[in-house]
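Worksheet: one structure, shown below.
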Amino acid sequence: MLKMYDFAAIERKWQSRWERDRLYRTADASEKPKYYSMDMFAYPSGDLHVGHAKNYSLGDAVARMMRMLGYNVLHPMGWDAFGLPAENAAIDRGIDPAVWTTENILNMRRQMRLMGTSFDWSREIATCEPEYYRWNQWLFLRLYERGLAYKREAPVNWCPHDRTVLANEQVIAGRCWRCDHLVERRNLSQWFLRITAYADRLLRDLDRLAGWPDRTRTMQRNWIGRSEGVAVKFAVEGLDVPIEVFTTRADTIYGATFLAVAPEHPIVPSLRAGTSADRAVAIDRFAAELSSKSELERTSLMEKQGVFTGAYAIHPLSRERVPIWLANYVLAEYGGGALMGVPAHDERDFDFATKNEIPIVQVILPDTAEAAAPLDASFTEDGRLIASDAFSEMSSGRAREAIAARLAEMGAGEPRVTYKLRDWLISRQRYWGTPIPIVYCDACGEVAVPDDQLPILLPPREHATGEGSPLGSIPEFVNTTCPKCGGPARRETDTMDTFFESSWYYLRYLDPHNDRMPWDPQRAAHWMPIDQYIGGAEHAVLHLLYSRFFYKFFHDEGWVAGGDEPIERLFHQGMVLRDSEKMSKSRGNVVGIDDTAERHGVDAMRLFLMYVTPPEETSNWTDAGISGRVRLLNRIWRACEPHFGVPASDAIAPDAQDDSDKALLRAVNLVAKSAVDETMTRRFHYNTTIAKLDELVNLMTAASSQAPSPALQYAVRTLPIIIAPFAPHIAEELWERLGNKTSVHLERYLEPDTRALTVDEITLVVQINGKVRARIPAPAGVTEEEALALALADPNVRSHLDGKEPRKRIYVPGKLLNLVA
RNA sequence: GCCCAGAUGGCGGAAUUGGUAGACGCGCUGGUUUCAGGUACCAGUGGUGGCAACACCGUGGGGGUUCGAGUCCCUUUCUGGGCACCA
């Protein structure tokens with residue numbers, strides 16, 4: 001007799017057999033209902049660790065459960081294969097990024113197979129392959145045709161370490177999301193995608209995403225940042241062009257004592273031209289000082305600063321002269337880069353006005369105040385208007401409408417909705433990405449590359465240097481001919497943000513080898529939306545927002561049918577820590593897949609990762625913890641071993657003969673019920689399912705020392721089915737040794753039997769004044785009167801009643817009797 | 001500063017609808033088997049008191065609703081996450 005089941009041999013055996021039998025290939029046509037179950041694809045960084053394993057174990061359990069519950073499950077995997085780490089590794093070690101990436105993919109694919117995942121590898125994709133990125137280029141051209149991709153000069157985030165620009169979403173607290181360096185600000189001509197055109201739909205449709213975590217929806221809502229207000233035109237003395245400002249507080253307009261514009265505002269040159277030489281110098285100096293400062297430096301880190309331009313605007317309602325300032329706290333890219341300063345009712349304006357000795361005029365009184373008193377801070381809440389001509393005495397709410405209407409009448413203002421969301425900057429000055437399919441011709445200007453010239457292949461790496469835009473240093477790549485006039489032309493040398501690829505990869509899985517279209521719309525109509533998407537919360541405003549944007553575009557183009565949201569249900573798994581710290585190579589605390597598989601087996605690893613915490617929580621890896629799961633698997637093996645080779649009598653659950661039989665049958669069904677419930681409610685707390693499995697195995701171990709009963713035989717025969725989604729290898733081996741010829745993973749999951757789950761004896765809890773005083777065994781159908789009689793017969797209950805008559809009685813059938821004395 | 005989530009034994013966690021708090025596992029203690037070892041088996045394990053029956057206390061702190069609160073309400077502390085001059 002083996003002391004330990006031979007997990008290494010068993011796991012190897014079944015992995016190769018599954019592959020040989022193509023067990024996890026998904027047919028597009030099926031009688032069964034479709035279920036698209038997707039894990040976020042992997043960045044090929046080199047090695048998988050148990051943090052990845054937690055993610056894929058969960059996704060795999062869900063996919064396997066749904067298959068066994070009768071769904072046609074699509075469960076693919078692929079590689080987010082473009083990106084900077086490959087390029088940096090290439091620079092550091094002198095290898096081609098393509099080679100580095102391919103080697104990593106090979107290794108990680110091996111590790112994913114080693115984990116016993118049930119991915120359909122026939123649909124595998126890698127975004128760095130021309131077969132994939134040509135459709136990136138194709139999609140870019142469609143966006144370009146619709147005016148949703150455009151190039152413009154703008155102040156952008158530049159990471160000096162990674163030597164590229166970044167999208168707004170990729171700057172975390174002023175730092176690069178990848179390398180954590182402070183970003184700088186540069187004015188560069190860059191490619192953007194017009195995600196702001198979808199801002200309203202992206203916001204509104206969040207309400208429909210009931211299957212998404214609230215916090216993710218909240219993050220997206222805040223990121224989109226919709227504000228309703230008024231765009232107000234202030235005429236400028238001596239100029240034909242007015243300054244337009246955006247405000248959500250039109251009710252405070254009579255308190256506007258200055259205008260503030262960003263140094264980048266287009267009116268600044270005109271203002272500079274009309275001012276004194278001294279002031280012009282001050283303006284230049286101020287603008288120059290700010291131009292290289294990142295938004296973080298300009299905002300959070302700096303005091304409010306400004307220079308007076310010498311120019312004045314005319315207040316549209318009061319007709320008073322209002323000084324125009326340049327200010328560092330005005331964002332160039334929001335609200336038109338200009339604001340009206342109302343120091344009495346805005347904290348920032350108050351701060352600025354105080355520093356620059358600008359008058360503070362109070363126009364809103366708190367509802368509780370009688371008269372205006374000098375302010376030592378701004379009052380930013382709603383109240384009642386004063387010193388506002390005809391609008392005085394109105395409430396803030398009414399005044400906002402009335403003033404907006406008045407401004408509209410005068411042609412000096414109009415309602416405006418503004419978003420914090422900015423267009424998605426997709427240019428990257430890096431090599432390892434999708435070339436943007438545009439050429440520049442001296443005669444024709446910016447020209448889109450025709451579809452039949454796609455893909456524009458990434459040239460071999462050896463010609464590119466690490467400096468500047470790498471593609472720009474390869475003349476063979478840059479120099480081309482204009483598709484329109486045939487004259488000499490230069491290619492765009494920027495590559496695309498890798499989030500472009502990941503915004504649509506879920507559609508390519510549906511049709512991975514199509515060479516005429518990125519995907520067949522009919523397949524999209526069949527498989528979309530993704531029923532269950534599992535991945536980290538760190539993509540809440542990146543990948544998950546961009547994907548929604550792309551899908552809405554696809555929907556508008558008619559390339560997908562049904563709704564315009566790609567993801568029905570979303571689940572964020574938690575991280576895995578080691579010694580309460582994030583695993584990283586530099587800390588040397590990485591727990592690898594290979595090592596863990598070798599020492600404990602992957603079934604034990606999968607069970608541990610699902611058992612240690614609910615999947616959305618952060619878990620801690622411990623060696624003691626996994627040995628508990630190894631122990632469980634050994635106990636399962638030993639409980640089943642005496643039944644190996646014994647022909648199965650029949651597949652029907654036997655009638656329980658005695659209490660221990662009943663308990664055993666009930667335990668079997670409790671595991672199944674938990675597994676089914678956790679799957680169908682999408683809670684995925686399989687930790688509780690596995691705890692119930694422990695209880696079952698405890699009972700089976702106890703029953704093994706008795707004479708074999710039909711209930712135990714039934715439990716043994718059923719066990720492989722109920723553990724199959726969680727420990728797929730041992731399940732298969734037990735299944736085979738118990739005499740079955742086909743894969744356990746093709747079986748139908750055990751349908752929980754209500755009859756087996758019901759108990760006929762309960763523990764009646766008797767409380768006196770809400771405190772438990774007795775626990776009395778009672779028949780399940782015990783009536784209130786019977787329960788009372790049982791309770792009153794209990795000595796402890798009697799002593800606590802102390803001869804008193806219960807005033808009140810609360811009875812919860814089959815559970816509890818509370819007597820109030 | 002604003003928004004969101006959380007706090008339960010020595011540890012991870014369970015308690016899905018207000019109804020037996022601590023399931024299950026880890027660890028620890030005692031025992032069995034074994035030449036020995038443990039990744040085997042059995043039993044015990046929230047705190048205090050008690051031989052015991054049992055009693056009291058106990059789900060971050062304080063208050064409340066209720067026959068009854070880990071669960072609901074108010075308040076407060078701490079931890080984690082997100083946003084952060086967005087006019």
Side-chain angles (χ1 to χ4, degrees), chain A residues 3-4 172-174 213-219 221-223 225-227 229 245-249 252 260 295-296 298-300 302 304 327-331 333-336 338-342 346-349 351-352 418-422 537-538 540-541 600 604 608 611-614 616-620 622-635 638 674 677-678 681 683 685 687-695 697-698 701-702 705 763-775 795-796 799-800 806-812 815-821:
Chain A
K3 278 182 183 170
M4 279 232 264
I172 313 291
D214 284 340
R215 61 178 169 137
T216 308
R217 290 196 285 172
T218 304
M219 274 195 239
R221 207 169 276 128
N222 294 339
W223 190 261
R226 184 180 198 270
S227 291
V245 302
F246 174 73
T247 179
T248 56
R249 291 298 305 272
T252 66
E295 224 163 71
L296 179 83
R298 294 170 97 175
T299 57
S300 327
M302 280 172 83
K304 304 251 176 321
N328 63 346
Y329 74 99
V330 184
L331 300 171
E333 297 286 296
Y334 183 82
L339 59 83
M340 65 176 198
V342 185
D346 182 281
E347 239 176 87
R348 299 149 300 179
D349 298 343
D351 198 11
F352 187 79
T418 303
Y419 299 92
K420 277 170 61 176
L421 181 71
R422 296 180 208 172
E538 67 273 14
V541 290
H600 308 285
F608 172 70
Y611 178 70
V612 65
T613 24
E616 69 276 19
E617 302 291 334
T618 301
S619 19
N620 247 305
T622 63
D623 290 333
I626 193 170
S627 56
R629 297 302 86 190
V630 172
R631 217 172 289 173
L632 172 69
L633 290 173
N634 278 318
R635 298 180 67 198
R638 278 196 304 272
S674 172
D677 287 353
E678 292 299 338
T681 60
R683 200 175 77 137
H685 284 197
N687 53 324
T688 63
T689 307
I690 297 167
K692 288 178 172 69
L693 175 63
D694 276 294
E695 294 188 70
V697 175
N698 286 343
T701 303
S705 62
T763 302
L764 178 71
V765 175
V766 183
Q767 298 183 331
I768 310 293
N769 296 329
K771 277 186 191 264
V772 179
R773 296 304 178 188
R775 295 182 171 94
N796 201 41
S799 83
H800 280 277
R807 281 190 284 117
K808 192 172 173 183
R809 206 160 69 195
I810 291 102
Y811 181 62
V812 182
K815 271 192 179 155
L816 170 141
L817 178 70
N818 187 9
L819 302 174
V820 186

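Lettering follows sequence order; numbering is per chain, from 1. Given the structure is predicted, the values throughout are model-derived calculations rather than measurements.
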Does NZ or CZ of Lys304(A) lie under 6.0 Å from the centre of the six-membered ring of Tyr329(A), at an angle within 45° of the ring axis?
-> yes

Taking OP1 and OP2 of A87(B), is either one under 4.0 Å from a side-chain nitrogen or oxygen of Tyr329(A)?
-> no

Check whether any side-chain nitrogen or oxygen of Arg635(A) sits under 4.0 Å from OP1 or OP2 of U39(B), and answer yes or no.
-> no

Give, for atom CD1 of Ile172(A) and atom CD of Glu538(A), the distance between the pair rounded to the nearest 0.5 Å.
-> 10.5 Å

Selection from C26(B), C57(B), A87(B) that lies nearest to any side-chain heavy atom of Lys771(A) = C57(B)

According to a strict under-4.0 Å criterion, is Arg631(A) in side-chain N/O contact with OP1 or OP2 of A40(B)?
-> yes

Sorted by position of nearest nucleotide on RNA chain B, 5' first, the leading residue of Ser227(A) and Ile690(A) is Ile690(A)

Minimum-distance nucleotide to Tyr334(A) side chain [options: C24(B), A87(B), A40(B)] | A87(B)

Below 3.5 Å between N/O atoms, which protein atoms pair up with nucleotides 11-21 of chain B? Just atom names and distances, please.
from, atom 1, to, atom 2, distance (Å)
G12(B), O2', Val612(A), O, 2.6
A14(B), OP1, Asn687(A), ND2, 3.1
A15(B), OP1, Arg683(A), NH2, 3.3
G19(B), N2, Gln767(A), OE1, 3.3
G19(B), N2, Asn818(A), ND2, 3.4
U20(B), O2, Arg775(A), NE, 2.7

Counting only heavy atoms not in Glu617(A), do more than 12 fall under 6.0 Å of its CD?
-> yes

Would you mind telling me which residue lines up with the more 5' stretch of RNA chain B, Met219(A) or Asp346(A), judged by nearest nucleotide?
-> Met219(A)

CG of Asp214(A) to CZ of Arg221(A), rounded to nearest 0.5 Å, is 8.0 Å

Those residues that, when tested against Arg775(A), pass salt bridge (charged side-chain N to carboxylate O under 4.0 Å, His left out) (two or more places apart) = none

So, is Arg629(A) near the phosphate of U39(B), with a side-chain N or O under 4.0 Å from OP1 or OP2?
-> no

Does U17(B) have a Watson-Crick or wobble partner in any strand here, with both distances under 3.5 angstrom, and which is it?
-> none

Would you say Arg773(A) reaches C56(B)'s phosphate, i.e. side-chain N/O to OP1/OP2 under 4.0 Å?
-> yes

Would you say Asp346(A) and Arg249(A) make side-chain contact, with heavy atoms under 4.5 Å?
-> no

Partner of G49(B) under the Watson-Crick or G-U wobble criteria, both distances under 3.5 Å, comes out as C54(B)

Using the purine O4'-C1'-N9-C4 or pyrimidine O4'-C1'-N1-C2 torsion, is G62(B) syn (within 90° of 0) or anti?
-> anti

Nearest to side-chain heavy atoms of Glu695(A), which nucleotide of C85(B), C67(B), A23(B) | A23(B)

With a 4.0 Å cut-off on heavy atoms, is Gly625(A) in touch with a base, just the backbone sugar-phosphate, or nothing at all?
-> nothing

Rounded C1' spacing from G60(B) to A55(B) in Å | 27 Å

State the pairing partner of C26(B); accept Watson-Crick or G-U wobble contacts with both distances under 3.5 Å, and report none otherwise.
-> G10(B)

Check whether any side-chain N or O of Asn634(A) sits under 4.0 Å from OP1 or OP2 of G38(B), and answer yes or no.
-> no

For Arg226(A), report the nucleic acid contact type (base, sugar-phosphate, nothing); a contact means any heavy atom under 4.0 Å.
-> nothing

Distance col, row Glu695(A):CD vs Ile690(A):CD1, nearest 0.5 angstrom, shows 13.0 Å

Taking any strand in view, what nucleotide pairs with U34(B) in a Watson-Crick or G-U wobble way, both distances under 3.5 Å?
-> none

Does Val630(A) offer a backbone N or O that forms a donor-acceptor pair with the side chain of Asn634(A) under 3.5 Å?
-> yes

Is there a side-chain polar atom (N or O) of His800(A) under 4.0 Å from OP1 or OP2 of C54(B)?
-> no

Reckon Ala537(A) touches a base, only the sugar-phosphate, or nothing at all at heavy-atom distances under 4.0 Å?
-> nothing

How close or far is atom C1' of C85(B) from atom NZ of Lys304(A), stated in whole angstroms?
-> 5 Å

